[in-house]
Amino acid sequence: RALAACLCSALLLLAVGLLWMRFNVAPGRTGVPFPLDLLQYFVPMTDWVAERLRAGELPLWNPHACSGTPLLATLQPGALYPGTWLAIWLPKAKALPLEMLLETVLAAHLAALLFRAWGQGLAACLAGGLLFAFGCILGTSFWPPALSTLVWTPAILLCIEKLIQGWLWRW
C-alpha cells in the first residue's frame with residue numbers, strides 16, 4: 001500500500017511537470033494576451049510584500065495604491081500565505097511561477113489522496129489528481145488568490161471524509 005502511494009505521488013509529479021511545461025508557456029508564444037491583473041497588480045503587490053518582509057517588517061500599508069491602502073488586511077496579496085514568502089528569497093519573476101507550479105503539484109496530490117480515501121484505485125487517483133490540477137487549477141493560474149484557495153479544496157474535503165469515516169456515520 002505504501003509502495004502504491006509512493007508510485008502514485010511519483011507519477012503525479014512527473015505528469016504535472018510534463019503538462020506544466022506543455023501548457024504554461026512564456027507570454028508572447030501563445031498569441032493570447034497576458035493577463036494584465038497579474039502583471040499590473042499581483043506581481044507589484046507580491047514584490048512590495050516581499051520587500052517589507054525582507055526588511056523584517058509586517059507589510060501593513062501599501063503607499064503605492066490609491067494614496068495608500070491597507071496591505072496586510074487585504075486578502076489578495078496574501079501577505080501571510082506561505083506561497084507568497086518565496087518572493088522573499090527569489091526574484092519576483094521566478095517566485096510567482098514557482099509558487100504556481102508548487103501549488104499545482106500540491107493540488108494534484110491532495111486530489112489523488114481524496115480519491116484514494118473514496119476507495120478508488122491507482123489509475124482513478126492519478127486521473128482525478130491530474131484532472132483537478134489541470135481542469136480547475138491551471139485555469140486560475142493567472143489569478144493567484146483563486147489558485148491559492150482552490151489548492152486546499154481537496155484537503156478540506158479529505159478532512160471531512162476522514163471525520164465522517166472516523167465517526168462511522170452511515171448515509
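Cluster partners of L86 are L90, L98, L102, counting Ile, Leu, Val, Met, Phe, Trp and Tyr whose side-chain heavy atoms approach within less than 4.5 Å, directly or via other members.
Inter-residue side-chain proximity for R52 and L58 is flagged as unmet; no heavy-atom pair is nearer than 4.5 Å. Looking at L113 and P154, their side chains never come closer than 4.5 Å, going by heavy atoms from C-beta outward. Contact of the L150 side chain with the T153 side chain is registered, since non-hydrogen atoms from C-beta on lie closer than 4.5 Å.
In the hydrophobic clustering of this structure, F42 does not group with W61; members are Ile, Leu, Val, Met, Phe, Trp, Tyr whose side-chain heavy atoms approach within less than 4.5 Å, directly or through other members. Under the 4.5 Å side-chain heavy-atom criterion for ILVMFWY residues, no single connected hydrophobic cluster contains both L131 and M100.
Legend: residues meeting side chain to side chain donor-acceptor pair (under 3.5 Å) with E51, ordered by chain and number and at least two apart, are absent. With sequence neighbours excluded, the residues that form a ring-ring contact (aromatic ring centres under 6.0 Å, His included) with F115 are W118.
Of all the heavy atoms in T104 and V16, the pair that sits closest is CG2-CG1, 4.0 Å. Nearest heavy atoms, E99 versus S148: OE2-OG, 3.7 Å. Looking at every heavy atom in both residues, A111 comes nearest to G129 through CB-CA, 3.8 Å.
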Without placing hydrogens or testing angles, list every side-chain donor-acceptor pair under 3.5 Å for residues 64-82, not counting sequence neighbours.
residue: T74; atom: OG1; partner: P70; partner atom: O; Å: 2.6
residue: Q76; atom: OE1; partner: Y41; partner atom: OH; Å: 3.3
residue: Y81; atom: OH; partner: E103; partner atom: OE2; Å: 2.8
residue: Y81; atom: OH; partner: W152; partner atom: NE1; Å: 3.1

Less than 3.5 Å apart, which donor and acceptor atoms pair up between the side chains of residues 2-14 and the rest of the protein, not counting sequence neighbours?
residue: S9; atom: OG; partner: A5; partner atom: O; Å: 3.1
residue: S9; atom: OG; partner: H109; partner atom: ND1; Å: 3.4

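Residues in residues 63-72 take part in no salt bridge (Lys or Arg N to Asp or Glu O under 4.0 Å) pair, two or more places apart or across chains.
Residue L101 holds its CG atom at 13.5 Å from NZ of K94, rounded to the nearest 0.5 Å. Annotation: the span from L163 atom CG to Q165 atom CD amounts to 10.0 Å, rounded to 0.5 Å.
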